[in-house]
Chemist: 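This is the structure I want to talk about, given as structure tokens.
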Amino acid sequence: MTDNGPEGDGSLELAGGLRGQALWLKTGVRLEGKHWEIPALELRFGDNGLTGSARQAEQLQAELEWNLPVLAQFWSGLEGQLEGRASGRHLLGDPKGSMTFSARDLAIEEYGIELRQLQGEAGLADDGAARARVDFSGLEAREQRLESGQLRVDGSLADHELGLSLMHRQGNLRLSAAGAWGSEGWQATLNGGGVALPGQHWLMATPARLTLARDGEAHLGAHCWRWGGARLCTGDQRLNPAPSLKLGVADLPTRAFRPLLPPTFRWEDTLDAHATLELDDQGPRGRAWIDAGSGQVELRRDVDPDNLDAQVDEQEGEQAWQWLPFEYDQLRVAADLGPERTRITADLAGPEIGQLDLNAALRPLEEGMPVDGQLNLEALDLALIRPFLDLDTVEGRLAGRLDVSGPVASPSMQGEVALSEGEIRDPRLPLPLSELSATARINGTEARIDGNWRSGEEGQGRIEGSASWADGPRAEISLVAESLPVSVPPYAELTVFPDLMLRYGEEGVGVSGQVRVPSGSVVIESLPESAVGVSGDTVIEGEEPDAGPMPLSLDLDVRIGEERVDFNGFGVTGNLEGRLNLADDMVANGNLNLRNGRYELYGQDLRIRRATLLFSGPIDRPFLDIEAVRIVDDVTAGIRITGPADEPRSEIFSEPPMSQQQALAYLTLGRPLESESDSYAMERAAINLGLARTAPLTREIGERVGIEDLQLETEGRGEEASVVASGYLTDRLSLRYGVGLFQPVSRMALRYDLSRNLYLEAASGLASSLDLFYRTDFGKPGD
């Protein structure tokens, strides 16, 4: 004890555990009369730490610094890192100070919130003004994402300014306000703002008064926003409690919806809208309507290049389009909301597009959410939906009336809907449909469907069946057709006679019946990329595995070539015929044969003596039994391919028997071996035949090690013959590696293309070299 008061010092150190983490506290205190000091404070919890100090002399001042790299140790489900520091003085009087903080990779698992980065700073200046700013990026919540944002506050409690900006990938928001805290709460004036959306930029045209009372009541005053000639205005609104909202839109350009519409659909008009909504304990009440009045929409259509008189509205290269107008006299949608009943009406009418009238009432609080209403259709033009289906031609007229009642998930309906003058065409569809007509007669929860169509000059078909939805959607449709011109460019042009029964239900899709393909042609120059499948157990990173396709039940009899189906592919020509039965899991039983077949091998035209694909299992694994022969005098030489399609075996044979080399000579040269050069040719042909069988495996190995288009081939003759592997490491850098067949010699070469005609090559073998080559073509003599 001194004349100035007590003096002394002390320290405190605690150690323990909490929630499975080590907890440690160390601090001390020094006392000198009325003055005291905590020179150091250190607190650690797991990997997280906090340090600080404080001193009371003429004034109280303190400093604090925190580094929290593992927030999950505080709270299960919380992730991320947080660090910062704060300092202050005059803390018991007129406080001053500053604070900075930052956070990375924050996440609250329970609420699905993630934040990539957060930075902030705040300060109380000597003049009493407060300044704070918070910036963030990468905020995700409930599958919505804000790219970045900023909140700024400047001033005192009695007089301050705020700024808020948010950036979303589909738009930006900017707001500014001047506010003040008072005895009744917080009052502010929104004095500026903007909303940028694709193709739109709305600006606040009049200020808005915002009040937040201490008891939680909130109000937003009337104000307007504008975009060009369009205006969006609100009345005085109560935000809390029992929100009461009112807004109206005038002269909104319909081009605002352009990002939501396909490029082949154009709507250049204006519309008005109005909405009022009140929410209380009884439920929502209000009214909303959208009215586009009269106007037109336009659909883009390709111009026939052979029609020289056709109007062209747009052109890009050789592609030309025209816009077809569809006028409407009325387009209006309205809804009256009530706690017990909501009524929805929709009206669309025009001289060309026909008419649609909907009048329905929904009772949302009752079990099953019952609905009552009527739908009337009068010659409604289906061309309006063509752009949304992305098809070249969709035409037809819908007419009918439906009375609807019952639960919204499985309503009862009475009435009839008919389609007439239907047509669907597109190069991506295997079959054109014209003169399409269909009728659905609906009674309760069942519908009877029948219709017919034509395809091409001779093709025609008919469908009959039923559908129901009382216990989930179900359908059973019979499809019978003849002479359908099925086209699968550039591979097949076929005439098809289907007689099918199609079933759909909760157990999946079922297809049974018969398909006859009596005539047509199949031409395969090369397999499409889709012919190379992805392994069934392949997992693509970043993609969730889907539930798989809907179960498919098959019992399908396919008959091919009763008249003539021509085949031309991979050097093989002939006529296909056979019969297959397709069952569940694409299991096939039956066979396909090639009649009158020819096979081109090494420039020779071989006769296919036998070519059968036997199916007894998965359709992509038939058993091959193929013989192609060449007859020279009394000698028959040929190639025989047998075994599963994914692992075929090939062999050279002859009748009468002879050596493989002699048989191959008859097969490729049409005569026996006569000289050493013939032997070299046979060696090379035999090697190439073996390498051809390994081509798919070779390409797969190349893809796995990063070599594009890896190929195996032979080079040289006789003792100098070698097998060479070649492929591309990049677009310009290629690799070649050769191994001698009869001599222990290997050679590697790296080539880099400097330009189309100039390349650099480094080679290593019996000798090493680095050469620069220039390549040119002087043309043929006489050119």
Side-chain angles (χ1 to χ4, degrees), residues 143-145 168-173 195-202 225-232 247-275 288-303 311-317 319-335 344-358 375 377 379-398 419 422-429:
E143 301 183 355
Q144 293 296 322
R145 178 181 174 87
H168 188 274
R169 61 184 180 87
Q170 294 180 339
N172 303 327
L173 168 67
V195 177
L197 299 171
Q200 306 175 51
H201 192 184
W202 291 86
W225 296 71
R226 61 177 176 81
W227 166 42
R231 291 178 68 84
L232 185 155
L247 63 87
V249 177
D251 298 324
L252 175 67
T254 52
R255 69 175 184 272
F257 307 115
R258 187 177 298 167
L260 307 176
L261 300 174
T264 54
F265 188 100
R266 189 163 67 184
W267 191 15
E268 300 286 349
D269 270 297
T270 61
L271 58 81
D272 300 330
H274 183 80
W289 53 260
I290 300 174
D291 194 340
S294 60
Q296 71 175 24
V297 297
E298 296 176 288
L299 308 185
R300 193 178 73 181
R301 184 177 67 178
D302 293 345
V303 173
Q311 175 183 337
V312 176
D313 298 319
E314 290 184 12
Q315 188 162 0
E316 182 177 332
Q319 184 67 55
W321 301 278
Q322 60 181 193
W323 288 94
L324 304 180
F326 289 80
E327 296 183 356
Y328 56 86
D329 298 328
Q330 184 179 23
L331 175 55
R332 180 182 173 89
V333 178
I344 301 172
T345 60
D347 299 288
L348 171 64
E352 299 175 352
I353 62 177
Q355 186 171 344
L356 178 151
D357 293 320
L358 172 67
L375 173 65
L377 303 171
L380 184 67
D381 196 341
L382 290 184
L384 292 174
I385 68 172
R386 174 179 60 80
F388 301 92
L389 300 178
D390 192 25
L391 298 174
D392 279 359
T393 301
V394 176
E395 297 180 358
R397 297 278 180 175
L398 279 179
L419 168 66
E423 183 171 355
I424 301 176
R425 294 180 184 272
D426 192 272
R428 294 162 292 180
L429 297 179

Chemist: Checking D291 against R332 for the salt bridge (charged side-chain N to carboxylate O under 4.0 Å, His left out) test, could you report, in this order, the C-alpha distance in whole Å, the side-chain angles of both residues, the deciding distance, and whether it holds?
Modeler: CA-CA 4 Å; D291 194 340; R332 180 182 173 89; 3.1 Å; yes
Chemist: Rounded at 0.5 Å granularity, tell me how far CG in L380 sits from CG in L348.
Modeler: 6.5 Å
Chemist: Is a donor on one side and an acceptor on the other found under 3.5 Å between the side chain of H274 and the backbone of V249?
Modeler: no
Chemist: Would a distance-only check, ignoring hydrogens and angles, find a side-chain to backbone donor-acceptor pair under 3.5 Å from T254 to W267?
Modeler: yes
Chemist: Tell me if the CD atom of Q315 is crowded by more than 12 foreign heavy atoms within 6.0 Å.
Modeler: yes
Chemist: Testing the basics here: between L419 and G396, what is the closest heavy-atom pair and its distance to 0.1 Å?
Modeler: CD1-CA, 4.1 Å
Chemist: Can you tell me how far the CG atom of D329 sits from the CD atom of E352, to the nearest 0.5 Å?
Modeler: 10.0 Å
Chemist: With the threshold set at 4.0 Å, does a side-chain nitrogen-carboxylate oxygen contact exist between R300 and E298?
Modeler: no
Chemist: Would you give the length of the straight line joining atom CG of L398 to atom CG of L382, rounded to the nearest 0.5 angstrom?
Modeler: 4.5 Å
Chemist: Any idea which heavy atoms bring P198 and Q170 closest together, and the distance?
Modeler: CD-O, 3.0 Å
Chemist: Restricting to non-hydrogen atoms, name the atom on G295 and the atom on D269 that form the minimum distance, rounded to 0.1 Å.
Modeler: CA-OD2, 3.5 Å
Chemist: Among side-chain atoms of D302 and W321, is any donor-acceptor pair under 3.5 angstrom?
Modeler: yes
Chemist: For Y328 and Q296, which heavy atoms make the closest approach, and how far apart are they?
Modeler: CE2-N, 3.3 Å
Chemist: CD/Q330 to CG/L356 distance, rounded to the nearest 0.5 angstrom?
Modeler: 11.0 Å
Chemist: Which heavy atom of F326 sits nearest to which heavy atom of A383, and what is that distance?
Modeler: CZ-CB, 4.1 Å
Chemist: Would you check if Q322 and L324 make a side-chain contact, meaning some heavy-atom pair closer than 4.5 Å?
Modeler: yes
Chemist: Checking D347 side chain against L331 main chain: does a donor-acceptor pair fall under 3.5 Å?
Modeler: no
Chemist: Looking at side-chain heavy atoms only, is the closest gap between D251 and D272 below 4.5 Å?
Modeler: yes
Chemist: Under a 4.5 Å cut-off applied to non-hydrogen side-chain atoms, are N172 and V195 in contact?
Modeler: no
Chemist: With side chains defined as the heavy atoms from C-beta onward, is the minimum distance between L252 and F257 less than 4.5 Å?
Modeler: yes
Chemist: Roughly how far, to the nearest 0.5 Å, is CZ of R301 from CG of D313?
Modeler: 10.5 Å
Chemist: Look at the aromatic rings of F388 and F265 and report parallel, tilted or perpendicular, splitting at 30° and 60°.
Modeler: tilted
Chemist: Decide whether a cation-pi geometry holds between R231 and W225; the criteria are a distance under 6.0 Å from NZ or CZ to the six-membered ring centre and an angle within 45° of the ring axis.
Modeler: no
Chemist: How would you list all residue pairs meeting side chain to side chain donor-acceptor pair (under 3.5 Å) that involve residues 383-397, not counting sequence neighbours?
Modeler: D390-R428
Chemist: In the structure I gave you, are the side-chain heavy atoms of P253 and W227 within less than 4.5 Å of one another anywhere?
Modeler: yes
Chemist: Quick test of your reading: applying salt bridge (charged side-chain N to carboxylate O under 4.0 Å, His left out), list the pairs with at least one residue in residues 252-265, sequence neighbours left out, ordered by first then second residue.
Modeler: R258-E268
Chemist: Which pair of heavy atoms, one from P387 and one from L299, lies closest together, and at what distance?
Modeler: CG-CD2, 3.7 Å
